[in-house]
Structure formats: structure tokens, C-alpha cells
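The first residue in the sequence is number 1, and the count goes up from there. Nothing here was measured: the structure is a model prediction, and the numbers come from that model. All ligand and atom numbering here is 1-based and tracks the order in the structure.
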Amino acid sequence: MAGQINAFEMAQKQFDGVAKLLNLDPQISEVLRWPMREYSFRIPVRMDDGSLRVFQGYRVQHNDARGPNKGGIRFHPNETFDTVRALATWMTWKCAVADIPLGGGKGGIIVDPSSITTPEKERLCRGWVQNMWKNIGPRQDVPAPDVGTTPQMMGWMMDEYSRMVGQYTPGVFTGKPLGGGGSEGRTEATGYGVIYTVREAMKHLKMDPSQSVAALEGFGNVSQYAAIGFVEMLGGKIACVSCWDRNDKTSYTYSHKDGVSPRFLLTIVDQYGTIDQKKAKEAGYIIEDGEKWIEKECDVLIPAAIEGHVNGDTVKRMSGRVKIVAEGANGPCTPEADDYFKKNGIFNIPDFLCNAGGVTTSYFESVQNDMNFYWTKHEVLERLDTKMTQAFNAVLQMSEKEKVYMRDAAYMVAIDRVVKAMQLRGWI
Ligand code: GLU
């Protein structure tokens, strides 16, 4: 859930606003407001103690006019059909804005992955594939990691699919581990992609990156590499990161008088994004309430956790110094937050542009799987930078040409490309 608002209602509300601006034919809108196909299924898993537990699984395929559906699988205790619908819809726009030949999809399982053992997780992953294998595939729908899922899980899922179809099919999942069909640079891709767009936004706003400060929400895969990129590529400083503590199920904000060192925090964070508090304290970190990140003095705010945390209530706590909000997460800012940004002249880099680096590198991964020829990390990241920079500039140009807010401009670029593909295929 996105605060008080349902994430899918939020995705539809954003779409409806732009459809109006574009004068889009209402019948075409009706096609795009809803996912094309949806799957809901139960996954029985034998637990280590011999008991049987049944998990709820989902996959939603929003639109595949531009190519196979593409998007992650989330393992989250609060997953709902509607969050998966919203995330699948955003994937369609994300792939279109990034200009990669893929559609939008998303999957999920209602589970807290830290509450089950590794063998249980493997059986759960294989169970998801046993339900979905007929409806996914390199030319149909290609899932990937997201919140709560890891490269190792993609390795198991790819293996299960390959067994079901009787042949090694690495291109059915992306975000796989290196050496198991994965691509160099995929781990860093989403976070670095966020920073490529921040760099371009700073150029546009004539800001000096080396004098800038960022505050980040979250310390999972996206936030970790966005923080590293902000320091190492732009020369900026990190005011704070926040993180979920799986032990007491509470979120905390971590700051340091000399600025946060993301490379250090990376050495004391576990696979679920929980930082070791004792070690952080020993290294001089100040640990505060998990919502404090939004109040920190900074130029760039990077919400990189989950949807709806920057909303009508929290947005007012933002420091007056913020010039850029770069959405590392999917759907972190609600329409009320958008109103606040517009009123206060805050430059927004919308989620499906800002965090498109992950899926873009997933696309590179599937291309490499198809060729059975693998690129170096340098080649991957160079291609990623080119794609992200082109996508940012296409949206910025649209925003300047139509005099619209960046999120609306991103929707305009994306909707135009998807509608064109549907027309060319004779769907509409
Ligand atoms: N889960 C990521 C996203 O939301 C990556 C999706 C992918 O690589 O397919 O963009």
C-alpha cells in the first residue's frame, strides 16, 4: 500500500492525468489503464520441519506491444494483487522510456524472505516457476529480481524453467548470478543508473555535483549503488541512508559527522539490507528514527525503498534546500507529493526514468544470453550510461517543449511509444 492510497489507483491516476493532456482516445486509454493478463496462484511448500505451508503468488503482464513482458518478482509480506498491478504498469512505461524492446510485467509472493530458510526459499522459487512456466519465457515474459529477491533466486528459477522445458534457457530470467548466466554490471546497474540521471539533472540545473549532498531512503541494492555512485562518480557527500532492521521490524536513519561512507556500510549490511547497528555505532554513526532521512539537509533526495513513503504528510518535512528528488524506488512519491514539488519548483526525476538502469541492464543480459557471448563490465556500464542519458534527455526535451512536469513528460514519451507499437501491430 502507498500510504493511504492504493498503488494501482495511483498508477491509474497518473496515467489518466497524462491521457487527458495528450487527448488520448478514451478507448485506447481503456486498453492501457489495465493489465492485459493476470495470474494469481497458490504455492504449497514443504517446510524444513516437515509441515506444509501455502504461499500466495502473482504475475501480472501489463502490456507486451513493444516486446516480451519484463519486470521483477517481489517477495514482500505486504504484497497485494494491486501493488503487483501498479508495478507491472510502471514497467511498461519504464521499458518504453528507456527505449528497450520490452513490455511491462511484475510478480510477487506474499512472504517475508528473512523469515524462511535458504532451502525453503529455493523450494518457494521453484514452486513459483512450476505455476508460471507455461506463461513465461524469453519471448513471452522475462522476470528479474526486485525487493526481497536475489540473483541466487533467479538462478534457481532459471534452472527450474530449464528443467520444465527440457533445455538450458538462461534468457528466461535476468539478474542471474555472475557465472550462472548473469551480466557484469547488473548488480550496480539500478543505483548507477539513478546517478547518471542525477548527473544530467545537475547539468541542466547548473549545480556543482562535488558541492552537493544527498539523503537516501533505504539501503538495499538500489540505494547502496546510488550512494556509491553519488560519492565516487559525482564527488558528492551523503547525509544519511535509512534501513529496515529485520530483527525489531523497525526502520532507522544512519548519519555520520563526516558524511556516510557507503563502501563501509556495505561491509556491515546483510542480504536483506539490515545494517549491523553495533558495528555502525562503533564507527561513529548516529542512528535515529527511520523517517528522519526525509528531514536531512540535502540538495538531492533519493527515496530508494518502496512505494508511497513521500506522501502528503511526510513531504512537508523535507528540507527547504532540496532541489532534486530522484526516485530510486518504484512509486515512492504520491500525487500529493507531486503537487508539493510542482508548487515549490523541485525538479523530479520520475521512477520509471530514474531507476530504469536495472531493466536496461537486464535487457543487455538477455541479449548476451541470446548471443552466448558476454561483455565486460566497462562495456555494459558504458552502454547503460548512453541509454540512461538518452532517456533523460528525451524526457527533458518533452518537458520543455510541452511545458510540463517531468513525470508527465516521461509518461508522454512512454505512452506515445507504446501506442505507436500497438498501432503498428494492428491492435488498435
Ligand atoms: N525490478 C527492477 C525494476 O523494477 C528490474 C526489472 C528487470 O530487470 O526486469 O525495474
For ligand 1, is there an atom lying under 4.0 Å from some heavy atom of G71?
->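 The answer is yes, since G71 has a heavy atom less than 4.0 Å from ligand 1.
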Measure the distances from the heavy atoms of A356 to every atom of ligand 1 and state whether one is below 4.0 angstrom.
->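 No, that is not the case, since the closest heavy atom of the residue is not under 4.0 Å from the ligand.
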Using the six-membered ring of Y39, assess whether NZ or CZ of R37 lies under 6.0 Å from its centre and within 45 degrees of the ring axis.
->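 Not flagged: R37 not positioned over aromatic ring of Y39.
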Does any N/O atom on A144 come nearer than 3.5 Å to any N/O atom on ligand 1?
->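 The answer is no, given that A144 and ligand 1 share no N or O pair closer than 3.5 Å.
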Mind checking whether S362 has an N or O less than 3.5 Å away from an N or O of ligand 1?
->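 Yes, there is a polar N/O contact under 3.5 Å.
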Counting heavy atoms only, which part of [X] comes closer than 4.0 Å to ligand 1: side chain, backbone, both or neither?
X	answer
P143	neither
N330	side chain
R186	side chain

Mark yes or no for whether Q61, through its side chain, and E38, through its backbone, hold a donor-acceptor pair below 3.5 Å.
->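 No, Q61 side chain to E38 backbone: no donor-acceptor pair under 3.5 Å.
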Side-chain ion pair, [X] and [Y], N-O less than 4.0 Å:
X	Y	answer
K377	E188	yes
K20	D16	no
E9	K13	no

Within a reach of under 6.0 Å around [atom1] of [X], are more than 12 heavy atoms found that belong to other residues, nucleotides or ligands?
X	atom1	result
K420	NZ	no
W34	CH2	no
K323	NZ	yes

What protein heavy atom sits nearest atom 1 (N) of ligand 1, and how far away is it?
->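 Looking at atom 1 (N) of ligand 1, the protein heavy atom closest to it is D146 OD2, 2.7 Å.
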Under 4.0 Å from any heavy atom of [X], which atoms of ligand 1 are there?
X	result
K94	3 (C), 4 (O), 10 (O)
K70	7 (C), 8 (O), 9 (O)
G72	1 (N), 6 (C)
M91	3 (C), 4 (O), 6 (C), 10 (O)
K106	1 (N), 3 (C), 4 (O)

With D112 as reference, evaluate K121, K249, R74, R246 under the salt bridge (Lys or Arg N to Asp or Glu O under 4.0 Å) test and give the passing residue.
->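 Single pass found, and it is K249.
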